[in-house]
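Reading through the structure tokens given below for one structure.
Quantities reported herein were computed from a predicted structural model and do not represent experimental measurements.
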Amino acid sequence: TEDPSANEAVDDNAVLMNAVIDAIKALGIPEDKIKTVTYSVYPNYDWDLRQTTGYRVTNMIQIEIDDLDLVGDVIDAAAAAGANNIQGISFGLSDDIAEQLQTDAYVLALQNARDKADLIADTLDIEVTGVLYVSESSYTPYTATRSYDVAAEGMSAPTPILEGSLSVSVNVQVSFTFQ
């Protein structure tokens with residue numbers, strides 16, 4: 001929000017942000033999934049006139065949404081309630097799911113390494129006697145972000161948010177000893 005005085009800008013912004021938060025909560029998003037990430041009040045300065053021409057307040061919140069089907073509705077509700085900048089939309093896995101997927105991937109990778117060692121041993125008629133070295137690395141999915149500048153007027157079509165896929169991968173390198 002922008003106003004001639006800092007006090008007016010702060011007050012106007014509070015009214016708008018309360019409307020945005022109420023609209024988001026009305027969609028079933030609990031308050032503990034909404035948090036302030038940026039709040040600033042600063043003067044707008046006209047360098048030609050060498051004077052302050054008013055004040056701008058920026059108040060940004062972060063919303064965590066567990067249901068992908070609600071993302072477009074949240075964007076639309078926030079914009080309709082007065083939000084004029086939506087940015088940093090990202091997709092990811094919960095910590096619990098990412099950890100479980102990573103553990104499962106490690107087990108599969110290590111089983112795969114052992115299966116290959118057994119195949120080598122069987123083919124060459126030798127025996128796997130142990131493990132000399134193991135190294136590992138993992139990859140947690142990068143979550144792409146998108147930004148939207150929003151004008152509430154004229155918005156009639158729902159905002160489409162399309163599902164993609166995320167994956168967790170691990171790499172293991174195992175050196176077996178043979179006899």
Please identify each residue that fulfils side chain to side chain contact (heavy atoms under 4.5 Å, CB included) with Thr123, with sequence neighbours left out. Leu119
Which pairs count as salt bridge (Lys or Arg N to Asp or Glu O under 4.0 Å) when at least one residue sits in residues 48-64, sequence neighbours excluded? Glu2-Arg56, Lys33-Glu64
For Ala6 versus Tyr55, what's the shortest heavy-atom pair and its separation? N-CD1, 3.3 Å
Please, which pairs that meet side-chain hydrogen bond (donor to acceptor under 3.5 Å, both in side chains) have at least one residue in residues 34-43, sequence neighbours excluded? none
Could you tell me whether the side chain of Leu16 reaches within less than 4.5 Å of the side chain of Asn84, counting heavy atoms only? no
Distance-minimising heavy-atom pair for Lys25 and Ile34: CG-CD1, 4.1 Å
Identify, with sequence neighbours excluded, every residue that meets side chain to side chain contact (heavy atoms under 4.5 Å, CB included) alongside Ala105. Val170
Please answer whether the main-chain N or O of Leu132 pairs with a side-chain N or O of Thr177 as donor and acceptor at a distance below 3.5 Å. no
Looking at Asn13 and Ala9, would you say the former's side chain and the latter's main chain have a donor-acceptor pair under 3.5 Å? no
Nearest heavy-atom contact between Val20 and Ala83 is CG2-N, 3.6 Å
Val74 versus Val71: any side-chain heavy-atom pair under 4.5 Å? no
Other than Val37, which residues form its hydrophobic cluster under the rule that side-chain heavy atoms must be closer than 4.5 Å? Met60
Search all heavy atoms of Tyr106 against all heavy atoms of Ser138 and return the closest pair with its distance. OH-CB, 3.5 Å
How would you list, by chain and number, every residue that makes a side chain to side chain contact (heavy atoms under 4.5 Å, CB included) with Pro4, sequence neighbours excluded? Glu8
Might you point out which heavy atoms bring Ala77 and Ala23 nearest each other, and give the distance in Å? O-CB, 3.8 Å
Under the side-chain hydrogen bond (donor to acceptor under 3.5 Å, both in side chains) test, which residues partner Gln111, sequence neighbours left out? none
Close side-chain approach of Glu136 and Leu110, heavy atoms under 4.5 Å: no
ILVMFWY clustering at 4.5 Å (side-chain atoms), partners of Trp47: Tyr45
Linking directly or through intermediates, with side-chain heavy atoms under 4.5 Å: list the remaining ILVMFWY members grouped with Leu49, chain and number order. none
Holding to side-chain hydrogen bond (donor to acceptor under 3.5 Å, both in side chains), I want the full list of residues that pass it with Glu127, two or more places apart in sequence or in another chain. none
Qualifying residue for side-chain hydrogen bond (donor to acceptor under 3.5 Å, both in side chains) with Gln100, from Asp104, Thr103, Asp96: Asp104
Set of residues satisfying side chain to side chain contact (heavy atoms under 4.5 Å, CB included) with respect to Ala121, sequence neighbours excluded: Ile126, Val128, Phe178
Pair Gln179-Thr129, side-chain donor/acceptor within less than 3.5 Å: no
Who are the side-chain hydrogen bond (donor to acceptor under 3.5 Å, both in side chains) partners of Gln173, not counting sequence neighbours? none
Quick check: do Ile89 and Ile75 have side-chain heavy atoms less than 4.5 Å from each other? yes
